[in-house]
Student: 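Below is the structure I would like to discuss, written out as structure tokens.
To find a chain, count down the sequence lines: A is the first, B the second, and so on, and within it residues start at 1.
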Number of protein chains: 2
Amino acid sequence: MPYKKQRSALGSSTAVEDYLERILELINAKGYARVVDIAAALKISQASVTNMVQRLDAESLLKYEKYRGLILTTSGKTLARQIAHRHRLLTDFLKLLGLSDRVIYHDVEGMEHHISLPTLRAIEALTNQLRRRPALRAQLQAAVV
Amino acid sequence: MPYKKQRSALGSSTAVEDYLERILELINAKGYARVVDIAAALKISQASVTNMVQRLDAESLLKYEKYRGLILTTSGKTLARQIAHRHRLLTDFLKLLGLSDRVIYHDVEGMEHHISLPTLRAIEALTNQLRRRPALRAQLQAAVV
DNA sequence: CTTTCGAATTAGGCATACCTAATTTAATTA
DNA sequence: TAATTAAATTAGGTATGCCTAATTCGAAAG
């Protein structure tokens with residue numbers, strides 16, 4: 001066996017997912033995603049980003065022209081949206097529990113890669129139920145604060 | 001900056017936490033934890049376990065005598081119990097959502113290292129509330145199955 | 001007491017994903 | 001158009017955590 005890779009339920013490594021997530025965010029916010037901006041968003045060096053972007057190109061998750069720019073492929077876009085959606089669901093859920101934004105950000109960032117589809121659906125259902133039950137929500141948020 | 005380490009809310013790496021968790025399990029089940037059993041439980045080689053056990057000794061989380069055996073130190077035991085407790089809480093929570101044991105095991109194994117104390121407390125409170133609300137639980141479990 | 005054999009260790013590597021330093025590209029400004 | 005400079009790339013490393021192969025240890029059996 002070569003190496004025990006960190007793979008998520010979506011089939012990609014946690015690093016790949018982090019990159020795709022930020023790239024989609026940047027594209028949504030500014031229309032494009034430059035190496036320097038991805039590096040700043042992920043708090044890593046530009047060299048590391050160049051490296052990964054070339055790898056994502058090789059994996060057909062995006063198309064990259066050196067020194068020019070990148071666009072997500074259809075499969076890259078689909079995957080990035082699934083990642084973003086999962087991120088949103090988890091954030092919404094923790095928000096209803098009354099946790100602080102800082103804690104939510106940290107925990108979602110760490111755990112998102114490890115949540116399977118069934119668990120995600122269960123948490124989505126739970127979130128919907130919590131939305132309809134303000135009394136229950138209040139009890140939970142009281143326990144946290 | 002040297003390397004972006006995978007650190008949990010408890011301050012240790014995810015690998016260290018996995019080892020401590022299994023070591024405590026083995027000690028609870030059989031009274032002792034041998035290298036060969038730790039390796040089997042974690043599905044990694046004995047060589048890797050020897051390596052890590054020596055590191056945990058250097059970090060004073062356990063005391064190890066070569067070729068002999070190991071015992072957890074007080075701080076190692078405390079940490080291992082925190083990890084086990086967190087694992088239990090997360091497992092209990094997902095169980096109430098109606099997820100299968102296989103999914104629960106996989107997801108908890110991945111996410112446990114990334115859950116902060118505030119989030120853990122919130123999930124604990126939520127779990128307690130779910131226990132008291134069989135109707136809500138039934139709705140959630142229906143959504144999953 | 002010696003042989004045997006499973007358990008443990010050491011030595012040497014590899015993959016992922018990061019880094020810094022040096023260089024190259026391209027866009028902007030003079 | 002030439003010079004400047006920000007952005008991107010390449011080259012060469014490092015840390016973590018895993019591996020296999022070879023060796024050493026020690027417990028149990030003869």
Side-chain angles (χ1 to χ4, degrees), chain A residues 1-8 10-23 26-27 30-59 61-71 109-110 113-114, chain B residues 1-8 10-23 26-27 30-59 61-71 83 109-110 112-114:
Chain A
M1 242 169 279
Y3 181 73
K4 201 184 195 175
K5 288 174 199 165
Q6 288 278 7
R7 297 212 162 280
S8 87
L10 298 173
S12 23
S13 77
T14 67
V16 165
E17 293 191 353
D18 284 334
Y19 279 91
L20 285 178
E21 191 168 359
R22 302 312 176 121
I23 288 170
L26 285 168
I27 288 176
K30 321 203 325 182
Y32 54 88
R34 291 184 310 167
V35 168
V36 68
D37 295 327
I38 300 168
L42 290 172
K43 292 181 180 136
I44 58 180
S45 72
Q46 292 181 28
S48 298
V49 173
T50 296
N51 220 56
M52 177 61 89
V53 160
Q54 289 174 353
R55 170 179 154 192
L56 295 177
D57 179 281
E59 291 179 14
L61 291 167
L62 51 81
K63 267 193 289 210
Y64 187 53
E65 277 186 275
K66 271 185 193 175
Y67 296 106
R68 294 301 179 171
L70 63 86
I71 53 167
E109 209 53 50
H113 310 291
H114 307 283
Chain B
M1 240 170 278
Y3 182 74
K4 201 183 193 177
K5 290 174 198 166
Q6 289 277 6
R7 298 215 161 277
S8 87
L10 298 172
S12 22
S13 78
T14 67
V16 165
E17 294 191 351
D18 284 334
Y19 279 90
L20 285 178
E21 192 169 358
R22 300 315 175 118
I23 288 170
L26 285 168
I27 288 177
K30 321 202 327 182
Y32 55 89
R34 290 185 310 166
V35 168
V36 68
D37 295 327
I38 300 167
L42 290 172
K43 291 178 181 141
I44 60 179
S45 72
Q46 292 181 27
S48 299
V49 173
T50 295
N51 219 56
M52 177 60 90
V53 161
Q54 289 173 355
R55 171 178 152 192
L56 295 177
D57 179 282
E59 289 178 16
L61 291 168
L62 51 81
K63 267 193 289 210
Y64 185 54
E65 278 185 272
K66 270 184 193 173
Y67 296 106
R68 296 301 181 168
L70 62 86
I71 53 168
I83 293 163
E109 210 54 49
E112 59 181 341
H113 311 291
H114 307 282

Student: Compare the minimum distances between each of D/dT9, C/dC19, C/dT9 and the side chain of B/Gln54, then state the nucleotide with the smallest one.
Tutor: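 My answer, after comparing the listed nucleotides, is C/dT9.
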Student: I want to verify a distance call: between C/dA17, D/dG17, D/dC19, whose nearest atom is closest to the B/Ala15 side chain?
Tutor: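 Closest nucleotide to the B/Ala15 side chain: D/dG17.
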Student: Sequence neighbours excluded, which residues qualify as side-chain hydrogen bond (donor to acceptor under 3.5 Å, both in side chains) partners of A/Gln46?
Tutor: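 For A/Gln46, no residue satisfies side-chain hydrogen bond (donor to acceptor under 3.5 Å, both in side chains) once neighbours in sequence are set aside.
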Student: So, is A/Ser45 near the phosphate of C/dC19, with a side-chain N or O under 4.0 Å from OP1 or OP2?
Tutor: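 So the side chain of A/Ser45 is within the cut-off, an N or O lying under 4.0 Å from OP1 or OP2 of C/dC19.
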Student: Using the test side-chain hydrogen bond (donor to acceptor under 3.5 Å, both in side chains), find all partners of B/Glu109 that sit at least two apart in sequence or belong to another chain.
Tutor: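 With sequence neighbours excluded, B/Glu109 shows a side-chain hydrogen bond (donor to acceptor under 3.5 Å, both in side chains) to no residue whatsoever.
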Student: A/Thr50 has a side chain; which of C/dA17, D/dT10, D/dG17 sits nearest to it?
Tutor: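 Comparing C/dA17, D/dT10, D/dG17 against the side chain of A/Thr50, the answer is D/dT10.
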Student: Just jot down the salt bridge (charged side-chain N to carboxylate O under 4.0 Å, His left out) partners of B/Asp37, sequence neighbours excluded, or say none.
Tutor: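 Applying salt bridge (charged side-chain N to carboxylate O under 4.0 Å, His left out) to B/Asp37 gives B/Lys30, B/Arg34.
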Student: Starting at atom OH of B/Tyr64, determine the distance to atom P of C/dT10, rounded to an integer number of angstrom.
Tutor: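 Rounded to whole Å, this separation is 9 Å.
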Student: C/dC19, C/dA17, D/dC18: which one has an atom nearest the side-chain heavy atoms of B/Ser48?
Tutor: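 The closest nucleotide is D/dC18.
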Student: On the nucleotide C/dA17, are OP1 or OP2 found under 4.0 Å from the side-chain N or O atoms that A/Ser13 carries?
Tutor: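 Indeed, a polar side-chain atom of A/Ser13 lies that close.
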Student: A/Arg34 side chain: which of D/dA8, C/dA17, D/dG17 is closest?
Tutor: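 Out of D/dA8, C/dA17, D/dG17, the nucleotide with an atom closest to A/Arg34's side chain is D/dA8.
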Student: In Å and rounded to the nearest 0.5 Å, what is the CG to CD1 distance from B/Asp18 to B/Ile38?
Tutor: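 Interatomic distance, B/Asp18 CG to B/Ile38 CD1, rounded to 0.5 Å: 12.5 Å.
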Student: From the set D/dT20, D/dT9, C/dA7, return the single nucleotide nearest to any side-chain atom of A/Gln46.
Tutor: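 The answer is D/dT9, which lies nearest to the side chain.
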Student: Once you round it to whole Å, what is the distance between C1' of D/dC18 and CG of B/Asp18?
Tutor: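 Taking CG of B/Asp18 and C1' of D/dC18, I get 13 Å after rounding.
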Student: I'd like a table of atom pairs between the protein and nucleotides 26-28 of chain D - only N or O on both sides, under 3.5 Å - with the distance next to each one.
Tutor:
residue	atom	partner	partner atom	Å
D/dA27	OP1	B/Arg68	NH1	3.1

Student: Take the protein atom CG of A/Asn51 and the nucleotide atom C1' of C/dA15, then report the distance between them rounded to whole Å.
Tutor: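 Spelled out: CG on A/Asn51 to C1' on C/dA15 is 13 Å.
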Student: Can you list the residues that meet the salt bridge (charged side-chain N to carboxylate O under 4.0 Å, His left out) rule with B/Asp57, with sequence neighbours excluded?
Tutor: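 For B/Asp57, no residue satisfies salt bridge (charged side-chain N to carboxylate O under 4.0 Å, His left out) once neighbours in sequence are set aside.
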Student: Provide, to the nearest angstrom, the distance between the CE atom belonging to A/Met52 and the P atom belonging to C/dT16.
Tutor: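 That distance rounds to 10 Å.
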Student: For the pair made of CZ in B/Arg55 and P in D/dT16, what is the distance, rounded to whole Å?
Tutor: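 In whole Å, D/dT16 P lies 7 Å from B/Arg55 CZ.
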Student: Grab the CD-C1' distance between B/Glu65 and C/dA7 for me, whole Å please.
Tutor: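 Whole-Å distance recorded here is 16 Å.
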Student: Quick one: B/Lys43 NZ to D/dG17 C1', roughly how many Å, whole number?
Tutor: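 B/Lys43 atom NZ is separated from D/dG17 atom C1' by 18 Å.
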Student: Over how many whole Å does the gap from B/Asp37 atom CG to C/dA8 atom C1' extend?
Tutor: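 Distance, rounded to whole Å: 12 Å.
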Student: On the nucleotide C/dA7, are OP1 or OP2 found under 4.0 Å from the side-chain N or O atoms that B/Tyr32 carries?
Tutor: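 Answer is no, no contact under 4.0 Å.
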Student: Could you measure the distance from the CG atom of A/Leu70 to the CG atom of A/Leu56? Nearest 0.5 Å is fine.
Tutor: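 Rounded to the nearest 0.5 Å, the CG-CG separation comes to 9.0 Å.
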Student: Using salt bridge (charged side-chain N to carboxylate O under 4.0 Å, His left out) as the criterion, list what pairs up with A/Glu17, not counting sequence neighbours.
Tutor: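 Partners of A/Glu17 by the salt bridge (charged side-chain N to carboxylate O under 4.0 Å, His left out) criterion, ordered by chain and then number, come out as A/Arg86.
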Student: For the side chain of A/Ala47, starting at C-beta, report the closest nucleotide among C/dT20, C/dT9, C/dC18.
Tutor: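 Nearest to the side-chain atoms of A/Ala47, counting from C-beta on, is C/dT20.
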